[in-house]
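So that the names make sense, note that chain A is the first sequence line, chain B the second, and so on, each numbered from 1.
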Amino acid sequence: MHYDFRKIEKKWQNYWADNQTFKAISPETGLKDEGQKPKFYVLDMFPYPSGAGLHVGHPLGYIASDIYARYKRHKGFNVLHPMGYDSFGLPAEQYAIQTGQHPAITTEQNIKTYRRQLDQIGFSFDWSREIRTSDPSYYKWTQWIFIQLFNSWYNKTADKAEDISVLISIFENKGNTSVNAACDEDTPSFTENDWNGFSKVRKQEILLKYRLTYLADTEVNWCPALGTVLANDEIVNGVSERGGHPVIRKKMTQWSMRITAYAQRLLDGLEKIDWPQPLKDAQKNWIGRSKGASVTFKVQGGSSDSKDQVKEDRENEIEVFTTRPDTIFGVSFMTLAPEHELVPKITSAAQKDEVDAYIETTAKRSERDRMADVKTISGVFTGAYAEHPFTKASIPIWIGDYVLAGYGTGAVMSVPCGDQRDYDFAKHFNIPIPNIFEGVDISEVAFADKERTIITNSEFLNGLRYKEATTKVIAELERIGSGKGKINYRLRDAVFSRQRYWGEPFPVYYDAEGMPQMIDEAHLPIKLPEVEKYLPTETGEPPLGNATHWAWDNEAHEVVSNDLIDNKTVFPLELNTMPGWAGSSQYFNRYMDPHNDEAIFSREAIDYWQDVDLYIGGSEHATGHLLYSRFWQKFMFDRGWVPKDEYAKKLINQGMITGTSAIVYRISGTDKYVSLGLKDDYEVEELRIDVNLINSADELNVASLRKWQPQFANAKFVLEGGKYIVGREVEKMSKRWHNVVNPDAICEEYGADSLRLYEMFLGPLEQSKPWNTAGITGVHSFLKKLWKLYHSGEDQNFEVSNAAPSKDALKTLHKTIKKVAEDIENFSFNTSVSTFMICVNELTSQKCTSRAILEALAVLVSPYAPHIAEELWQKLGHGDSISTAPFPTFEEKYVAESSKEYPISFNGKTRFTLELPLDMDKEEIEAAVMAHDKTQHHLQGRNPKKVIVVPGRIVNIVG
RNA sequence: GCUCGAGUGGUGGAAUUGGUAGACACGUUGGACUUAAAAUCCAAUGGCCAUUAUGGCCGUGCGGGUUCAAGUCCCGCCUCGAGUACCA
């Protein structure tokens with residue numbers, strides 16, 4: 001029987017499904033003997049099921065994780081390897097807007113396609129644990145987490161999140177003066193008496209400033225074309241990541257997540273996880289910690305000297321953040337962001353019109369415009385002056401759009417001699433540029449080099465360097481009450497509301513006072529309502545505003561018709577939905593106990609599985625999902641629901657598989673196409689054609705091309721050497737370039753095992769690399785050779801012998817065991833495919849038919865090519881799946897030889913060879929080398945300290 | 001601009017981490033088997049020179065350096081890719 005991969009693969013895929021071969025065993029189902037096995041959790045980033053289905057680039061990471069999961073099963077681990085779908089998302093919603101088709105239906109169809117495609121590749125997923133973020137039984141728990149966040153605050157002293165009731169009792173007993181919490185900037189101080197006298201609404205307003213998710217008027221990135229708010233990571237170059245629509249800034253009442261409370265811990269946590277350095281760098285950058293000082297400048301005029309009027313003083317102070325407090329004597333002006341709240345208050349009557357006009361023009365400018373001309377300097381003088389905290393000099397206050405409202409305090413102390421932007425601004429508006437750096441010429445550019453700084457013209461800082469000056473000035477600022485050392489983060493709180501339909505509804509209604517109220521956990525999930533249209537309403541409300549059945553009856557505890565709203569017992573529900581990252585921020589924990597309806601997961605399950613041992617996915621999620629999920633995990637940890645504050649010990653970013661587009665060259669203005677080698681003789685235009693029409697030698701199948709698209713039906717082709725050769729270009733795999741290769745076609749023609757091997761063989765997992773279907777014949781013929789090793793004769797009958805394996809065969813096998821085990825542990829899956837090929841070639845030429853060798857080989861190959869391995873395993877007489885067969889143990893003795901010749905080279909000229917026994921130790925080898933020929937080699941007169949011998953290689957002598 | 005990462009045959013990529021550069025595969029060329037094609041198998045395949053076999057020289061983006069020995073380490077460049085961007 002020949003290698004019939006279609007039959008074999010179907011057979012084993014059915015077998016695995018029928019026998020639930022890959023079902024992980026965990027506490028809720030009874031651990032029994034599996035409890036003795038160590039656990040291992042291998043996770044893939046679950047996909048968004050798009051309508052286009054999978055192309056060959058998508059499964060790359062899944063294949064790698066599958067190999068690892070299968071390997072760990074062979075190694076005796078109880079492996080958790082689940083899969084699910086991140087099934088809320090924009091494409092299904094946009095499709096719904098266009099067609100009226102409910103997103104749930106589209107999503108269901110797409111999932112079916114995905115599942116079929118995944119199944120045909122032969123993954124060892126535990127499908128009994130499948131989750132979908134759009135499933136109410138799943139998003140029930142997303143809503144639950146939201147409620148927990150709402151009911152929590154961040155205690156900076158304890159450096160963790162705590163229940164809001166703890167905070168309330170502090171307020172009741174001591175007010176908030178002693179509370180050190182992550183909260184809104186504008187939180188007022190109050191005593192316990194104040195608190196106890198506050199109205200119920202007032203109390204709620206204040207608590208909202210402390211909650212980890214809170215409602216606030218935030219300046220958001222509004223995308224008019226999509227009718228929704230976008231997070232920073234959903235904007236690329238000032239336009240929306242999806243669709244490329246313009247984005248403007250707008251104030252809206254939105255739910256936000258107080259991720260900034262966790263900024264430092266998110267940074268610190270990176271130290272203890274094994275994630276790729278570039279990804280860690282991206283997160284570090286995103287969090288953007290900078291150390292400096294906060295300095296307060298009094299606004300001159302109109303302020304009172306009286307200490308009783310604290311409030312008024314505060315209103316007339318400008319707080320700035322600077323990383324260079326040492327340059328404070330170089331301040332010659334201040335700049336506020338146009339949006340800064342103090343601007344209207346301090347602007348002089350004379351400057352008012354000019355300032356208003358400037359604010360208006362900058363507000364109109366989109367983020368994109370603003371970024372596009374960074375070079376243009378603009379700004380307006382406010383007419384107001386601030387007072388220097390040390391010199392008491394008057395400093396003019398300007399506004400300028402190079403100062404961002406969203407970073408620091410939205411105000412800067414401008415030191416033109418030390419900062420290029422301040423310098424440019426000062427030059428442009430003829431503001432003085434005092435020099436405070438010793439021996440530095442600042443006539444052309446600012447001097448921003450911290451390391452070589454020596455401060456001068458700065459009173460008590462004269463002669464100091466950056467570090468000492470900074471320490472001293474901060475101490476001085478603290479003494480006079482004008483500032484303090486401060487660490488600032490670039491990270492902003494994450495806006496959590498989306499004006500979309502196809503997302504998780506908030507478990508929130510608004511009471512008679514308009515205050516948000518959480519729906520009791522017992523009544524979750526709050527299911528997404530049906531709507532007529534998936535667009536925003538005519539009044540500009542989110543799509544849920546179209547729902548007629550979207551009110552909360554707080555007595556019946558159910559969602560009821562909007563007509564019943566009376567603001568006594570029936571209230572309106574929140575119209576926004578949650579963003580895409582909500583569903584993906586705890587999904588990895590839900591897999592541990594996915595059907596639990598009483599809790600997000602059981603204590604037993606989380607205690608047993610703990611965390612993810614290996615997480616594989618794309619690096620594009622660096623500052624999105626991978627940051628938010630770490631934030632939620634830390635929150636879950638603080639509140640005691642999970643035992644680890646980092647959820648993934650190791651993470652690998654698989655590279656992208658790019659497409660290799662095929663290009664034909666049309667002579668301009670004609671219907672004539674010339675082959676690649678002739679194109680330079682004509683004026684041609686390039687057309688991309690379907691890559692599936694090209695053979696392995698870049699030769700075009702002209703007949704198929706004519707059928708492919710009508711425009712080619714009657715085209716003429718100018719050949720070279722009787723062939724039409726196409727040009728090739730490596731680019732992203734996309735329908736647009738006609739370079740998409742579908743895994744279905746590959747599985748049909750070469751089989752899933754070939755696809756799996758080839759995807760690994762292409763190159764290192766983490767690298768991006770081009771797909772070229774032609775090369776797959778290499779791994780495919782390897783599989784055929786592997787098959788033949790177990791079969792012989794004309795009819796290819798299965799045949800192995802029970803004779804003892806030869807020495808050579810054992811050596812080949814154990815070399816392979818060693819290399820493959822190392823490769824898998826190091827995630828170098830590409831090189832082990834080569835190792836298999838060498839192994840099979842050697843065993844073939846050795847005419848090896850030994851059962852012992854061939855059994856071990858089947859297990860070795862099994863993680864990579866599981867279908868053929870299962871088939872061979874069965875033919876070898878085993879009644880069960882190969883998946884739990886123990887991984888063969890490497891034994892040095894089969895590989896080692898009794899003695900080996902070592903060629904020795906000293907200066908590239910003198911060479912000689914020594915034959916030494918393998919078991920010699922260093923000293924003996926050294927002695928042997930010395931004894932061999934003291935006169936010829938360069939050791940003469942030296943005293944070598946050590947001799948390194950590598951089998952088959954040169955002796956290294958370190959003198 | 002800043003931060004990472006990478007440059008090795010016609011192509012994808014190996015190289016036990018300082019030890020015979022180019023494993024393995026694709027492609028190409030030649031051969032065997034075929035009426036033929038496909039499939040399969042065998043041989044050659046970094047460049048240059050030489051040849052009667054044995055051989056010789058050059059070669060890992062460029063220029064230096066360390067070392068008995070450098071694709072690998074150090075210094076200075078060049079090119080490409082990714083991320084990020086008025087972050088005070």
Side-chain angles (χ1 to χ4, degrees), chain A residues 2 236-238 276-282 284-286 288-290 292 320-324 327 335 337 370-371 373-377 400-404 406-415 418-422 424-425 448 488-491 619-620 622-623 653 655-656 660 695-698 728 730 757-758 761-764 766-782 784-785 788 818-819 822 828 830-838 841 902-911 937-939 942 948-959:
Chain A
H2 72 288
V236 179
N237 295 328
Q277 197 54 46
L279 195 142
K280 287 188 185 181
D281 290 343
K284 272 185 201 161
N285 240 314
W286 193 259
R289 179 191 149 111
S290 46
V320 302
F321 173 74
T322 177
T323 53
R324 295 294 305 274
T327 63
T335 317
R370 212 160 145 170
M371 288 207 292
D373 60 20
V374 183
K375 293 278 176 288
T376 315
I377 295 162
D401 70 355
Y402 81 98
V403 175
L404 305 174
Y407 182 77
T409 59
V412 300
M413 57 174 226
S414 301
V415 184
D419 182 285
Q420 194 57 44
R421 291 156 305 173
D422 294 344
D424 294 340
F425 196 87
N488 196 55
Y489 298 92
R490 198 189 76 120
L491 186 71
S619 57
E620 66 273 19
T623 53
N653 292 130
M656 198 173 46
T660 313
N695 77 1
S696 55
D698 289 352
R728 310 300 308 248
V730 172
L757 282 169
Y758 190 51
F761 183 71
L762 275 176
E766 308 197 34
Q767 228 172 67
S768 120
K769 57 235 164 214
W771 178 269
N772 184 3
T773 305
I776 201 171
T777 55
V779 294
H780 187 64
S781 65
F782 155 74
K784 288 196 265 193
K785 285 182 199 167
K788 275 191 183 165
K818 184 171 191 226
K819 186 70 167 66
E822 278 172 9
S828 312
N830 53 329
T831 48
S832 38
V833 180
S834 298
T835 308
F836 287 136
M837 290 179 178
I838 295 166
N841 283 339
Y902 299 102
I904 301 175
S905 162
F906 287 107
N907 63 355
K909 300 277 183 216
T910 314
R911 288 178 189 214
H937 61 65
H938 285 221
L939 284 176
R942 290 208 208 174
I948 300 165
V949 178
V950 182
R953 294 286 190 274
I954 294 164
V955 177
N956 184 20
I957 303 197
V958 182

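Separating the CG atom of A/N488 from the P atom of B/rC87 is a distance of 13 Å, rounded to the nearest angstrom. Atom pair A/Q420:CD and B/rA88:P shows a separation of 15 Å (rounding to whole Å applied). Atom CE in A/M656 sits about 9 Å away from atom P in B/rG83, given to the nearest Å. The distance between atom CD of A/E620 and atom P of B/rC4, rounded to the nearest whole Å, is 22 Å. We find that CG of A/D401 is positioned 13 Å from P of B/rC87, with the value rounded to whole Å. B/rU40 atom C1' lies 18 Å from atom CZ of A/F782, rounded to whole Å. One atom, CG of A/N285, and another, C1' of B/rG1, lie 13 Å apart when rounded to the nearest Å. One interatomic measurement links the two molecules: CD of A/Q277 to P of B/rG5, which rounds to 8 Å at whole-angstrom precision.
When the P atom is used for both B/rG63 and B/rA53, the distance is 36 Å, rounded to whole Å. B/rG59 and B/rG22: their C1' atoms are spaced 11 Å apart (whole Å). With both ends at atom P, the span from B/rC24 to B/rA44 equals 11 Å, rounded to whole Å. B/rG18 and B/rU60 have their C1' atoms separated by 15 Å, with the value rounded to a whole Å. A distance of about 40 Å separates the C1' atoms of B/rA82 and B/rU29, rounded to the whole Å. The same atom, P, is picked in B/rA85 and in B/rU17; the two are 40 Å apart, to the nearest Å. B/rC42 and B/rG7 have their P atoms separated by 33 Å, given to the nearest Å. Between B/rG31 and B/rU11, the distance separating the two P atoms is 26 Å to the nearest Å.
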Strictly under 3.5 Å: I want the nitrogen or oxygen pairs between protein and nucleotides 7-14 of chain B, one per line.
residue, atom, partner, partner atom, Å
B/rG12, O2', A/L762, O, 2.7
B/rG13, OP1, A/Q767, OE1, 3.2
B/rA14, OP1, A/N830, ND2, 2.9

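In this model, the phosphate group of B/rU40 is approached by a side-chain N or O of A/K784 to a distance below 4.0 Å at OP1 or OP2. Look at A/R421 and you'll find a side-chain N or O under 4.0 angstrom from OP1 or OP2 of B/rC87.
With a 4.5 Å cut-off on side-chain heavy atoms, A/F782 and A/Y758 do not count as touching. Proximity of A/Y402 to A/I377: side-chain heavy atoms (C-beta onward) are nowhere separated by under 4.5 Å.
With rounding to the nearest 0.5 angstrom, the CE atom of A/M656 is 15.0 Å from the CH2 atom of A/W771. Here A/S290 contributes atom OG and A/R324 contributes atom CZ; the two are 13.0 Å apart, rounded to the nearest 0.5 Å. Taken from CG in A/L279 to NZ in A/K284, the straight-line distance is 11.0 Å, to the nearest 0.5 Å.
Nearest nucleotide to the side chain of A/I838, out of B/rA23, B/rA88, B/rG83: B/rA23. Closest approach to the A/M837 side chain among B/rA25, B/rC87, B/rC4 is made by B/rA25 (side chain taken as heavy atoms from C-beta onward).
Figure legend. B/rG9 is base-paired to no nucleotide; pairs are counted as Watson-Crick or G-U wobble with both atom distances under 3.5 Å.
Closest approach of A/K819 and A/T835 over heavy atoms only: CG-OG1, 3.2 Å.
A/K769 places a side-chain N or O within 3.5 Å of a backbone atom of A/P764 that can act as its donor or acceptor partner.
Within 4.0 Å (heavy atoms only), A/K785 reaches sugar-phosphate atoms of the nucleic acid but no base atom.
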